[in-house]
Structure formats: structure tokens, C-alpha cells
Amino acid sequence: MPDSLAERRDQRRTGGPNPTDAGDDTLDELRSLIVGPELEDVLAFRARLADPAARTRDVSSVLPAAIAQRANDPQLARALGPPVEEAITASVRRDPQPLADALFPAIGPAIRKAIAHTLASMMDSLNRTVEHSVSWRALQWRWTALRTGKPFAEIVLLNTLQYRVEQVFLIHRESSLLLHHLGFDPRSLADADQISAMLSAIGDFVRDSFSVGATESVDAMRVGELTVIVEQGPHALLAGVVRGTPPPELRRIFQEALEHIHRQLGEELEAFKGDASVFERARPVLETCLVSHFRTTDKRRGSRRWVIAAALVLVALGLWTFLTVRERRLWNGYVQRLNAEPGIVVMASGRRSGKFFVTGLRDPLAVNPATLVAGSGLEAGSIDSRWEPYQALQPDFVIARARDLLRPPPGVTLSWRDGLLTASGAASERWISDSERLAPAIAGVRRFEYEGTRPDAQLKSRLEAATLRFSKGLTSLAPGQESAVRQIAALAAELDEVLRVRGRRAVLEIIGHTDSDGSESSNAVLSRTRAEVVRSLLDSARLDALDVTVRGVGSASPLVTGVDERVKERNRRVSFRVRLGEEPASRGTRQ
């Protein structure tokens with residue numbers, strides 16, 4: 001059977017390969033007449049779908065119109081937000097200059113507008129201050145400013161302001177969540193959520209306590225000089241905190257702003273689920289609610305009144321200047337004395353809320369700053385002092401802390417320099433060992449050194465200088481050597497204790513000697529036997545940190561030379577040698 005409609009048509013035109021297929025050709029021709037065009041359209045549509053370039057052309061032709069049609073759809077903004085942000089971020093990281101060039105026409109006017117607005121506000125406040133700077137009322141205001149510690153400009157503002165909207169809150173009516181907030185003072189923004197929750201709680205309290213309708217709510221509250229105005233909308237509330245006496249037209253401004261917000265963001269208010277970022281678009285509308293109005297003043301003043309007021313102001317200013325300069329001079333002297341004291345570091349000082357203040361660091365061993373106030377001429381109650389403890393690294397303070405911790409014995413002096421704590425004078429090995437362990441814990445001390453002769457070295461010298469004499473040709477001590485044996489035993493025990501405290505070991509070698517009489521072999525045996533006798537007398541088994549060894553050298557190392565009997569008597573002896581710093585050895589290896 002032919003594989004395609006084109007092949008079938010060719011076969012019909014040429015008669016086909018087999019005349020017996022006439023019936024089939026007739027059926028194929030009928031099929032092609034009925035469904036042939038639709039089949040060709042399907043094949044063409046399939047080929048178009050399989051072609052990426054064709055699909056790209058189709059989408060690009062309708063994409064601008066589709067985006068324009070869904071421009072106000074929040075889903076489109078959420079979908080396009082991440083890729084657009086990533087593209088802008090990547091472009092800025094690669095080369096920020098194109099974006100800066102593009103934003104330059106908009107950023108420049110915006111900055112100039114913000115600066116102009118700030119300067120205008122500053123000049124307005126300055127003009128009000130200057131306008132009321134010389135008058136009877138101004139004198140009262142200045143006295144109030146001095147008494148309360150508030151700036152004079154703030155006192156003028158409080159007395160000349162008729163009303164000002166301090167803050168405005170846009171609150172979701174159903175969930176009572178804060179949608180947006182603006183205020184004159186940026187520090188008040190931190191309490192916006194609490195104020196929003198408070199307004200909602202007050203409304204619920206009024207409805208529950210006074211049996212009012214569900215659609216009714218609180219529309220105004222007054223606390224001191226602040227008034228809270230609340231305007232209700234279908235989906236949101238607009239609340240404003242007003243300082244002063246708000247006029248009736250202020251409610252009209254709030255109503256128009258709330259209506260504008262419902263027209264602009266009605267769909268977002270209905271679909272609100274907790275994400276308030278979209279309501280940043282309401283900022284321009286809320287800014288129109290931050291209005292203020294000042295009382296008009298009568299600027300006509302008599303010349304005499306001006307002269308008297310100016311004279312009083314000058315006198316007051318002169319007296320205030322004299323007292324201020326005098327107090328400042330005393331304060332500066334006190335701060336200089338603090339800075340000169342070792343162990344005290346002044347971090348900040350000045351005047352705040354009508355009182356002087358000083359903060360810094362103070363070593364506990366330094367002088368108490370309160371004792372310096374009496375000699376400064378200032379009153380103790382006029383200074384607020386706050387000192388944080390720290391440890392100064394001046395030598396006197398480091399040495400004082402070292403004395404307090406190490407408690408050196410009498411006769412031992414301490415010195416410190418560049419992190420090295422040095423001790424000199426007679427001290428025990430236990431104190432030296434404890435000081436080496438504890439000294440690095442002292443602030444400013446990295447290492448401890450003992451400059452005197454250490455007890456182990458002193459004992460080593462004394463032992464090596466001692467000798468025990470023996471009778472001629474015998475292994476017994478010469479008469480009168482008992483006290484020398486006890487002294488050497490005491491020295492060995494003391495050295496053992498010193499080494500044990502330090503966790504070290506040493507070797508005590510007992511060396512036997514003979515005179516020149518006799519053969520070399522017999523003298524070697526005699527000298528070693530004499531050394532063994534001394535080891536037994538010293539009770540070496542009780543010396544834990546000393547490894548006691550014996551050695552006989554015969555007559556090879558005479559103390560003195562000569563053939564006189566007195567010389568030979570001196571060579572018949574046992575001497576000692578101490579090797580410090582040996583590695584610990586097991587008791588089983590001792591010879």
C-alpha cells in the first residue's frame with residue numbers, strides 16, 4: 001500500500017504498479033477527499049510545535065500584550081520579581097556604571113528635593129526660635145528649658161504649635177495587623193506594632209463592655225496633649241496621633257486619604273494574608289496626613305518693651321555664661337586629673353540632662369574617682385560616673401596583682417617588664433614551682449623567671465663539695481665521720497624533696513677512691529666497696545626522685561698528689577656527683 005497521499009496520487013496518475021488495486025485506490029482517494037486537508041493541517045501543526053524557533057516567534061508576538069494586560073496582577077509581580085532582581089544584581093556586580101547612568105536623572109532631583117525639604121524644615125524651626133527669642137514669654141520658655149533640660153527650640157514648638165499629626169497608622173480591619181506607618185520622629189517607628197495592637201484592643205474593649213454594635217468603633221481618644229483620631233473603612237482603619245487640638249477639617253483629610261487607599265489598594269486589602277510589603281505604595285497618601293499648623297502671633301512690639309526684654313536677656317545670658325564657663329573650667333580640671341591617674345581610662349565625658357557624666361575603665365587597684373571630686377570644686381551629686389572594671393598593664397599594677405596571687409616569701413622582690421615577671425631573693429623550690437604555674441594567669445604576664453640560684457642547684461653544689469674519709473685499706477669510715485654522714489643524708493633527702501615537687505629526677509653518683517698503695521685491681525674493688533657502704537648509710541631506697549648509682553675509680557682520680565701519709569689519707573675517700581634534669585627512670589633499673 002502506498003505510504004503517503006502524494007504517492008497514492010502519483011500511482012493514480014501513472015496507473016499504479018498493479019491494476020488489481022483499483023478498488024483500494026478508489027477508497028484511498030475517497031479518504032483523501034474527506035480528511036486529507038485536516039490531516040495535512042495536523043501534520044503541519046505538529047511540525048511547527050517541534051520547531052523551537054517557531055515557538056519562540058509565536059510567544060514573542062503575544063508576550064508584550066500579555067504583560068500589559070496583567071500589569072496589575074500581583075501574581076505577575078511575584079513571578080517576575082526574583083528573576084528581575086537577580087538580573088539587576090548580576091548587572092551591578094559586573095558593571096554598576098550603566099545602572100548609575102540610568103538612575104542619574106531620577107536620583108539627582110530626588111536628593112535635591114530631600115535636601116530642600118530638610119533645609120526648609122530647619123529654617124522654619126529656626127525662624128520660630130528667633131521670632132520668640134526676645135520676649136517676656138521667651139524668658140519663661142528659656143527658664144522652662146533650663147529647668148527641664150529640654151532644648152529651647154522644643155519648648156518654643158510646644159508653646160506655638162496648634163496641632164501636628166505626629167504619626168499615622170494604616171491598620172487592617174479584619175486582622176488588626178499594621179500595614180504601614182509614618183511619623184515625624186523616626187524613633188517612634190519602633191513602637192508602631194504595639195500602638196496598632198493597643199488601638200485594636202481598645203476597640204474590642206469598648207464593644208464588649210458597653211454593648212455597642214459590631215460596626216461601631218472608637219473614633220477618637222485623648223491622652224494628655226495627644227489625641228488619637230480613627231477613621232473607619234471597609235477593609236482598613238486610618239489612625240493618627242495628633243499633638244495639640246485637631247480641627248474638624250483634619251478628619252476630612254483622613255477620610256479622603258482612606259478613600260484613596262481603598263481605591264488604589266482595594267484588591268490587596270481584601271486578599272491580605274500577612275504580607276504588608278505591598279502597602280508601601282500607600283506611603284505618598286499617608287504623607288499627606290502628616291500636617292501641622294502653628295498659632296499666629298502678633299509681631300507688633302513696643303520699642304521700650306524690646307529694650308527691657310533685650311537687657312534682661314543680656315543680663316541672664318551673661319550670668320549664665322559666667323556660671324557655665326566657671327563650671328566647665330572646674331569640670332575640665334576634674335577630667336584632666338582623672339586622665340592623669342594610672343589605672344583610669346576616660347572614654348567619654350560631657351553634660352547630659354543637666355548633669356555632668358563621665359564613663360570609662362578603672363582598674364580595681366586604682367584610686368577611687370569619687371575621692372577626686374572633693375578637690376575639684378564640683379558637687380558629688382552633679383556628676384554621673386560609670387566605670388567598667390579592667391586590668392591595667394602598668395608595672396605597678398601588674399606587680400601588685402602578682403604579690404597578691406603569688407604571696408612571695410620575705411626577702412623576695414618582684415619586677416615586671418614586657419610580659420616577663422622576675423623574682424629575686426631566697427625562695428623555696430615549692431614557691432618557685434607554684435609561681436611558674438600561676439604567674440601566666442596574671443594579666444600582662446606571659447612568663448615567670450627566678451633570677452636567684454635555684455634550690456636544686458644549691459643542693460647539688462653542696463653535695464658535690466662533700467666527702468667522706470675511710471681508714472687505710474678498710475671499707476669502714478674513718479673516726480669522726482658520723483656527723484658528715486648525717487649532713488650528706490640530709491642534703492640528699494632535701495634534694496629529693498625539691499625534685500619531687502618539680503616533678504623531675506636526678507642521678508646521685510657515689511664515687512669511691514683509694515690512695516696509691518696497693519695494686520690497681522685491688523684498689524678498684526676497694527673503692528667500689530666503699531661507695532656501696534656509703535649508699536647503704538644514705539638509705540637510698542627512700543629517695544624517690546634520686547637514682548643513686550655507685551662507681552669505684554681506685555686511685556685514678558686523686559684529690560691531691562704526693563707520697564706523704566697525710567696526702568694519702570685525703571685520697572682515701574668517697575665523693576659525690578649530681579646530674580640534674582635526667583628523664584624519669586623506673587626504680588628497678590637503679591644500680
Side-chain angles (χ1 to χ4, degrees), residues 122 125-160 185-187 306-401 404 416 443-444:
M122 182 181 66
S125 175
L126 180 61
N127 290 336
R128 289 195 301 271
T129 304
V130 173
E131 178 182 347
H132 298 282
S133 60
V134 182
S135 64
W136 295 107
R137 183 181 301 174
L139 294 178
Q140 298 176 357
W141 294 346
R142 288 195 179 276
W143 169 249
T144 303
L146 290 174
R147 182 168 49 84
T148 60
K150 295 182 178 180
F152 176 66
E154 182 177 349
I155 300 298
V156 173
L157 177 65
L158 293 176
N159 287 275
T160 59
D185 188 0
R187 295 173 296 181
W306 277 102
V307 172
I308 295 175
L312 292 176
V313 169
L314 290 176
V315 172
L317 287 177
L319 180 60
W320 176 79
T321 302
F322 169 76
L323 295 177
T324 301
V325 171
R326 177 178 175 274
E327 194 174 32
R328 176 61 64 177
R329 180 177 57 82
L330 296 176
W331 171 250
N332 291 336
Y334 173 69
V335 173
Q336 289 176 1
R337 290 191 62 187
L338 287 177
N339 283 320
E341 286 293 334
I344 294 179
V345 179
V346 177
M347 305 296 294
S349 63
R351 194 178 185 90
R352 180 172 55 201
S353 301
K355 294 182 64 176
F356 289 109
F357 75 93
V358 57
T359 60
L361 307 176
R362 174 179 174 266
D363 192 291
L365 300 176
V367 66
N368 189 353
T371 60
L372 302 178
V373 179
S376 65
L378 298 171
E379 296 182 1
S382 64
I383 301 176
D384 183 13
S385 301
R386 294 183 182 180
W387 301 100
E388 295 294 333
Y390 92 113
Q391 292 183 328
L393 297 183
Q394 282 94 345
D396 293 341
F397 291 95
V398 176
I399 294 174
R401 285 193 292 269
D404 184 62
W416 176 85

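Position 1 is the first residue of the sequence, and the numbers go up from there.
- Note that CG of L317 and CG of L312 are 10.5 Å apart. Values are rounded to the nearest 0.5 Å.
- Of the inter-residue distances, the one linking D404 atom CG with R401 atom CZ reads 10.0 Å to the nearest 0.5 angstrom.
- Nearest heavy-atom pair across A400 and L365 is CB-CD1, 3.8 Å.
- Here the side chain of R362 pairs a donor or acceptor atom with the backbone of V367 at under 3.5 angstrom.
- Between the CZ atom in R337 and the CD1 atom in I344 there is a gap of 10.0 Å [rounded to 0.5 Å].
- Annotation: the span from L338 atom CG to W387 atom CH2 amounts to 4.5 Å, rounded to 0.5 Å.
- Smallest separation of non-hydrogen atoms from D363 and A392: OD2-N, 2.6 Å.
- The nearest pair of heavy atoms linking A366 to P342 is CB-O, 3.5 Å.
- Scanning all heavy atoms of the two residues, the minimum distance from L372 to E341 falls at CD1-CG, 3.9 Å.
- Here the closest non-hydrogen pair linking S385 and Y334 is OG-OH, 4.5 Å.
- Side chain of N332 to main chain of R328: a donor-acceptor pair is present (N/O by atom type, distance under 3.5 Å, no hydrogens or angles).
- The closest donor-acceptor contact from the side chain of W331 to the backbone of R351 lies at 3.5 Å or more, if one exists at all.
- When all heavy atoms of V345 and Y390 are compared, the pair lying nearest together is CG2-OH, 3.4 Å.
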